Every structure is written in structure tokens, then in C-alpha cells.
Engineer: 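Below: one structure in C-alpha cells.
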Amino acid sequence: MLDLKALEKNFDEIAARLRTKGVEEETLAKLKELFEEYKKQKRALEELQAKQNSLSKLFGQYKREGKDINELKRELEINKTDIAKLQEIVRDLEAKLKELALTIPNPPDPDVPVGKDESDNVELKRVLEPKSFDFEPKEHWELGEKLGWIDFERGVKLAKSRFSVLKKEAARLERALINFMLDHNRSYGFEEVCVPFMANSTTLLGTGQLPKFEEDLFKVCDEDLYLIPTAEVPLTNLYQDEIIKDLDSPIKLTAYTPCFRKEAGSGGRDVRGMIRQHQFDKVELVAITRPEESDKVFEEMVECASSLLTKLGLPHRHVMLCTGDLGFSAAKTIDLEVWLPGQGKYREISSISNTRDFQARRARIRFKDGKKNRLVHTLNGSSLAVGRTLIAIMENYQTKEGHIEIPKALEPYL
RNA sequence: GGACAGGUGGGUGAGCUGGCUGAAACCACCUCCCUGCUAAGGAGGCGUGUCCAUUACGGGCACCGCGGGUUCGAAUCCCGCCCUGUCCGCCA
């Protein structure tokens, strides 16, 4: 959630930054007004409550002393109804305030390039040259079906479209990649954890998937539970509602989980193949840091994910997302895009974001800084979407005969 | 899923015949004193959020699993939900 006090103080500046993310200034003005009205009414309410408390104390005292309490009682009763009325107003204002505030995205960092959509993203650098093929490289679905590695039909039969089944070497490769990534991340100081694949609504609210993006989530019926769309959700919320005592060095976590997404808004994009599935495996990185350290850790995370691709010999590029393409919770994001020779395109395979204190405020994650409690910064990044990595290996390591070579780095894992 | 017990501050744990309890005590932790040494003793501090004040001291409100209710007043009484423990059932 954005900092309402900051909005009150630096309205113009924050409004300007949020405008680049598509938020109308009117909305923010409304929010600010609501906040001020809420504070005003809340203060009035607290005054009445203070009165009630002190008179109630008197009431007890009078009774003990055997004094007449009728008049006092009448006054208390009147005050009580006043409190109830005001309470109703304050409760209503608070609900409206929350409802609105929780749907406002995180303002972009000032150094994020301003832009409308992905066409305005800025390429930062390329790593590894795409190799040239002396034949027409195929797309992964063609390879996958020919080799019997990917069974799209039966995935659909078992569940629905956008589900698939991995077979043969692909099934083993998927598992090998997960282990390879987790080991790699551990060498970067990320502690491996194993988390639930479902989360409740409070948890989803903490990282920003709720309340605005419920239509992207699979909900468990009759339960306050959702399938996680990313391990960022459980990992970041591990510290929900906590005050971390000793945050001298950042908390760095990594986990493998499947991810579940409805892909509600994706229309007919990437219907073919395994790029966009309702369920996919991902190894995730999450860091919880002091605010001063988040920029440094952000760079580390980008480096950690990028070097994974390099180890696998996969050509890729770093792309800084522009303001318009930034996710809801992110203040800054670098995407890693891997080269897919079959498609002849770079495609997103990792996304590393600094959310600053946006999620920390929602999830109430603080740390002790001397005597004070301050909000942490939270960061998350895919240390590669596993399915897309598999695709990238298939397309980049295919031979003329239609075989797939295995990257050297993976050999110990197979 | 059924039965019973219980959910209090970092921990253990009082309070639960309603007001003097935002909460005893102990432990942990922090500061200081003493101490020539990683001990013992002594003094004090030590929940969260928010608002007001701000030169400083400070003060108000809310929070004793969550949400309602009764009452002038609730950690304390009532209702619902969630969670934990134990026993039973079921099961990887």
C-alpha cells in the first residue's frame, strides 16, 4: 500500500509518479480527501471515547462512595449513542479508504523510464550471442510432440486447455532444472525453504494479488484459500505481521513451487505450446532487507538469475520495464528475456522486482532499527520459470536431426 | 469429522465472582552501578498501532486469537468463526 501520510505531504510528486503508471490524479485526490476526512472524524470519535472513559471511571467511584449516579448515568447514555453514531461514520470511512488505497499501485522509482507499454521498455544489455543454425530451428511444441516429451492433448483431457504433461527426458529435465537452480541460489546465499502451495486472503492481500486481481487466481471452493500464483506470496508473507529483531544482513530465501494462474486477461495469447500455462514450475528468490540495502540486493538478484542462464548457455537480455509495464506492487523491475530461436524472439523468463515498502506496509513486516520499528523492503524475482527454461533449452540446443543436446551444467543432475 | 481442554505482552504464566489491569510475577533483553574480568549482586527500562503535542517532558484512543453482542464500563459475561492441544474415527 502506498504511504498515505507521504501522499498527504507530497501530493504533487507522488501523483506525478503514479500518473506514469496509469493512475488518475482525481483518484488520488479522492484518496487524500478521504484520508483527511477519516482522520478528522476519528479524532472526534476519540474525544467522545475519552469522555466516556473518564465518566465511566467516575461512575464506579460514585457508586463506591454511595453518591447519586442518576444524572451521570443519563449523560453516559447520551454520550454512548453519540459514540455509536460517530463510530458508524468512521467505520464507513475507513472501509472506503481501505478499499481505495489497496487498489492503488506502487509508485515507480524516479529512475524508471517513463513509458506506456512494453514497447517502451529499455534493453540494458545482452548476454551470450544467439548461435546461428544451418537449418530452420523449430519451435518447442513441434520438437516436444515429435520427441514425445510434451503431451498437450492429455493435459487438456486431465484438466483443461493450458495444461500439459511432460514425459521422457522432459520430465527428468524439469526436475533436474529445479535442483540445479536451487543449488545455484544457495551458492548466492539464498536459503532454501519449502512452503505451502495455497495461501489465504490475508496473505494474498499482503503481497498485492488481492483485492484487485482475484480473477487471476484459482480459489479453493468453500475455503478462504487460493492456489499460489508465485512463491513470492508465501515467501514474502513468511514474515507477515512480524517485527524482525536482527536484520543486520538481509533475509534471502529461495523456494521451488508450482504456480497457478488463470491467465484471465491473456486472451488468445500463446495458446500454442507451453509458454503460458495455468500451472507451471518456478524457482523463486525473495529478499527482505533494510531500506538502505534493497538496491544492492536487487542487483545481486538480477545477477543470480542471469548467471543461471549463462551457466545453461542460454542467450538472454536484461530489460528495464518502463512505468507503464510495471506490475502493481513493483517500484522497479528488470526482466530477463531468453532467446528462443524457434520463435526468433526474446521471451520473458525471469522478472526481478523491488517493491520497496509497498508490500511491507500491507503485510506489516517491520524490523527493529535501534528502538524504532521501521518497514522493511521486500524484493522478489524468478530464478527462472522452469517450464520456459525447458523450452529455451529445447529450442537452443536442438540439432538438425531433431534431437536435443543437454547443457553441460545439467549433466550432474541427470 | 466427533468429544473435551485451551488461545493473555519475546518466552513461561497470573488475572477471568466486570471498574483500582494494557495487564502481576518470573525468564530473556537493554542501560547504568558495583566488580580487575566473560560469575554473583544492585537501580531502572522493556508490547503494537494511531492521533495530538513537540524545545523537552508528555498525553488521548484502540488492541489480551478474530468478529459481533450485553453493560455507564469487558482480557474478564454471551454468541459466531478461526486456531492449538488431547482422545476417538479416517487417511498419505
Side-chain angles (χ1 to χ4, degrees), chain A residues 1-9 31-102 194-206 210-211 219-226 234 237-248 251 258 288 357-376:
Chain A
M1 198 167 77
L2 84 163
D3 183 352
L4 292 177
K5 273 188 254 180
L7 182 75
E8 203 175 22
K9 253 191 201 160
L31 182 62
K32 188 182 165 206
E33 188 192 313
L34 214 50
F35 180 52
E36 279 162 5
E37 179 64 14
Y38 164 75
K39 280 208 303 194
K40 189 178 140 199
Q41 297 297 343
K42 182 83 189 275
R43 218 175 307 150
L45 172 64
E46 285 179 1
E47 265 172 46
L48 289 184
Q49 285 172 322
K51 182 179 169 193
Q52 189 78 352
N53 286 343
S54 61
L55 290 185
S56 280
K57 251 176 208 165
L58 257 189
F59 186 96
Q61 193 185 319
Y62 277 23
K63 233 182 154 181
R64 254 174 282 129
E65 293 169 355
K67 287 187 184 165
D68 178 43
I69 51 179
N70 285 330
E71 197 177 327
L72 191 54
K73 184 161 181 168
R74 214 169 305 126
E75 193 177 352
L76 276 160
E77 272 161 6
I78 292 167
N79 199 46
K80 189 188 177 182
T81 63
D82 290 346
I83 287 177
K85 273 185 228 156
L86 240 192
Q87 217 150 29
E88 196 55 42
I89 292 169
V90 169
R91 208 175 289 184
D92 186 55
L93 279 170
E94 188 177 10
K96 279 187 184 143
L97 181 66
K98 256 195 180 162
E99 192 190 322
L100 185 56
L102 286 172
C194 198
V195 292
F197 301 161
M198 294 187 203
N200 62 38
S201 54
T202 306
T203 298
L204 270 319
L205 194 92
L210 289 180
K219 187 173 193 315
V220 178
C221 64
D222 300 329
E223 297 272 356
D224 180 33
L225 286 174
Y226 299 81
N237 278 290
L238 237 26
Y239 293 90
Q240 167 194 123
D241 235 336
E242 293 191 25
I243 300 169
I244 300 160
K245 272 201 194 113
D246 179 21
L247 197 61
D248 288 342
I251 295 170
I288 293 174
D357 63 12
F358 186 80
Q359 292 179 326
R361 186 171 294 105
R362 289 176 157 245
R364 301 168 306 281
I365 307 172
R366 295 94 86 211
F367 72 101
K368 275 272 178 232
D369 190 17
K371 290 211 157 187
K372 274 192 184 157
N373 299 324
R374 294 172 63 200
L375 292 168
V376 300

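Computed from a prediction, not measured in an experiment: that's the story for all the values here. Quick note on labels: first sequence line is chain A, next is B, and so on, each numbered from 1.
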Engineer: Using side-chain contact (heavy atoms from CB on, under 4.5 Å), reason through A:Ile288 and A:Ile244 one step at a time and then give a plain yes or no.
Structural biologist: CA-CA 10 Å; A:Ile288 293 174; A:Ile244 300 160; 3.9 Å; yes
Engineer: Show me the donor-acceptor pairs, under 3.5 Å and distance only, between side chains in residues 34-50 of chain A and residues at least two apart or in other chains.
Structural biologist:
residue: A:Glu37; atom: OE2; partner: A:Gln41; partner atom: NE2; Å: 2.9
residue: A:Lys39; atom: NZ; partner: A:Glu8; partner atom: OE1; Å: 3.2
residue: A:Lys39; atom: NZ; partner: A:Glu8; partner atom: OE2; Å: 3.4

Engineer: Using a 3.5 Å cut-off and no angle test, enumerate the donor-acceptor pairs between side-chain atoms of residues 362-373 of chain A and protein atoms at least two apart in sequence or in another chain.
Structural biologist:
residue: A:Arg362; atom: NH1; partner: A:Leu205; partner atom: O; Å: 2.8
residue: A:Arg362; atom: NH1; partner: A:Leu210; partner atom: O; Å: 3.2
residue: A:Arg362; atom: NH2; partner: A:Leu102; partner atom: O; Å: 2.3
residue: A:Arg364; atom: NE; partner: A:Asp241; partner atom: OD1; Å: 3.1
residue: A:Arg364; atom: NH1; partner: A:Arg362; partner atom: O; Å: 3.3
residue: A:Arg364; atom: NH2; partner: A:Asp241; partner atom: OD2; Å: 3.1
residue: A:Arg366; atom: NH1; partner: A:Arg364; partner atom: O; Å: 3.2
residue: A:Lys368; atom: NZ; partner: A:Asn373; partner atom: OD1; Å: 2.7
residue: A:Asp369; atom: OD1; partner: A:Arg290; partner atom: NH2; Å: 2.9
residue: A:Asp369; atom: OD2; partner: A:Arg374; partner atom: NH1; Å: 2.7

Engineer: Regarding A:Asn200 and A:Thr203, do their side chains bring together a donor and an acceptor under 3.5 Å, going by distance alone?
Structural biologist: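 A pair is found: one side chain offers a donor N or O, the other an acceptor, under 3.5 Å apart.
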Engineer: Phosphate oxygens OP1/OP2 of B:rU48: is one of them under 4.0 Å from a side-chain N or O of A:Lys368?
Structural biologist: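 Result: yes.
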Engineer: For the pair made of CD1 in A:Ile243 and C1' in B:rC46, what is the distance, rounded to whole Å?
Structural biologist: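 Those two atoms, CD1 and C1', are 13 Å apart.
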Engineer: Calculate the interatomic distance between A:Asn373 atom CG and B:rG10 atom P; express it in whole Å.
Structural biologist: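 Those two atoms, CG and P, are 11 Å apart.
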Engineer: Indicate, with a heavy-atom threshold strictly under 4.0 Å, whether A:Lys63 touches base, sugar-phosphate, or nothing.
Structural biologist: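 Base contact.
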Engineer: In residues 198-206 of chain A, which ones come under 4.0 Å of RNA chain B, going by heavy atoms?
Structural biologist: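 Within this stretch, nothing sits under 4.0 Å of the strand.
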Engineer: Applying a 4.0 Å non-hydrogen cut-off, can you work out what A:Asp224 is touching in the nucleic acid: base, sugar-phosphate, or nothing?
Structural biologist: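 A:Asp224: no heavy atom of the nucleic acid under 4.0 Å.
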Engineer: Quick check on contacts: within residues 43-57 of chain A, what sits under 4.0 Å from RNA chain B by heavy-atom distance?
Structural biologist: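 Output list: A:Arg43, A:Glu46, A:Gln49, A:Ala50, A:Gln52, A:Asn53, A:Ser56.
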Engineer: Which part of the nucleic acid does A:Lys40 contact within heavy-atom distance under 4.0 Å: base, sugar-phosphate only, or nothing?
Structural biologist: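 Since no nucleic acid heavy atom lies under 4.0 Å of A:Lys40, the category is nothing.
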Engineer: Rounded to whole Å, please give me the gap between CD1 in A:Ile244 and C1' in B:rU48.
Structural biologist: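 Rounded to whole Å, this separation is 16 Å.
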Engineer: Please tell me if A:Lys73 has a side-chain N or O lying less than 4.0 Å from either OP1 or OP2 of B:rG73.
Structural biologist: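 Looking at the OP1 and OP2 atoms of B:rG73, neither is under 4.0 Å from any side-chain N or O of A:Lys73.
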Engineer: Taking CG from A:Asp241 and C1' from B:rU48, how many angstroms apart are they, rounded to a whole number?
Structural biologist: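 That distance rounds to 10 Å.
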Engineer: Between A:Arg366 and B:rG49, does any side-chain N or O lie under 4.0 Å from OP1 or OP2?
Structural biologist: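 A:Arg366 to B:rG49 OP1/OP2: side-chain N or O found under 4.0 Å.
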Engineer: When you compare B:rA43 with B:rA28, how far apart are their P atoms, in angstrom units rounded to a whole number?
Structural biologist: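 Their P atoms lie roughly 16 Å apart.
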Engineer: Given side-chain contact (heavy atoms from CB on, under 4.5 Å), test A:Leu97 with A:Leu4 step by step and report yes or no.
Structural biologist: CA-CA 10 Å; A:Leu97 181 66; A:Leu4 292 177; 4.3 Å; yes
Engineer: Quick test: give all pairs of protein nitrogen or oxygen and nucleotides 28-30 of chain B nitrogen or oxygen below 3.5 Å, distance rounded to 0.1 Å.
Structural biologist:
none

Engineer: In the strands shown, is B:rA43 matched to any nucleotide by a Watson-Crick or G-U wobble pair with both distances under 3.5 Å, and which?
Structural biologist: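 Across all strands, the one nucleotide that pairs with B:rA43 is B:rU31.
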Engineer: Can you pull out the residues from residues 75-92 of chain A that lie within a 4.0 Å heavy-atom distance of RNA chain B?
Structural biologist: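 Residues of residues 75-92 of chain A under 4.0 Å from RNA chain B: A:Leu76, A:Glu77, A:Lys80, A:Arg91.
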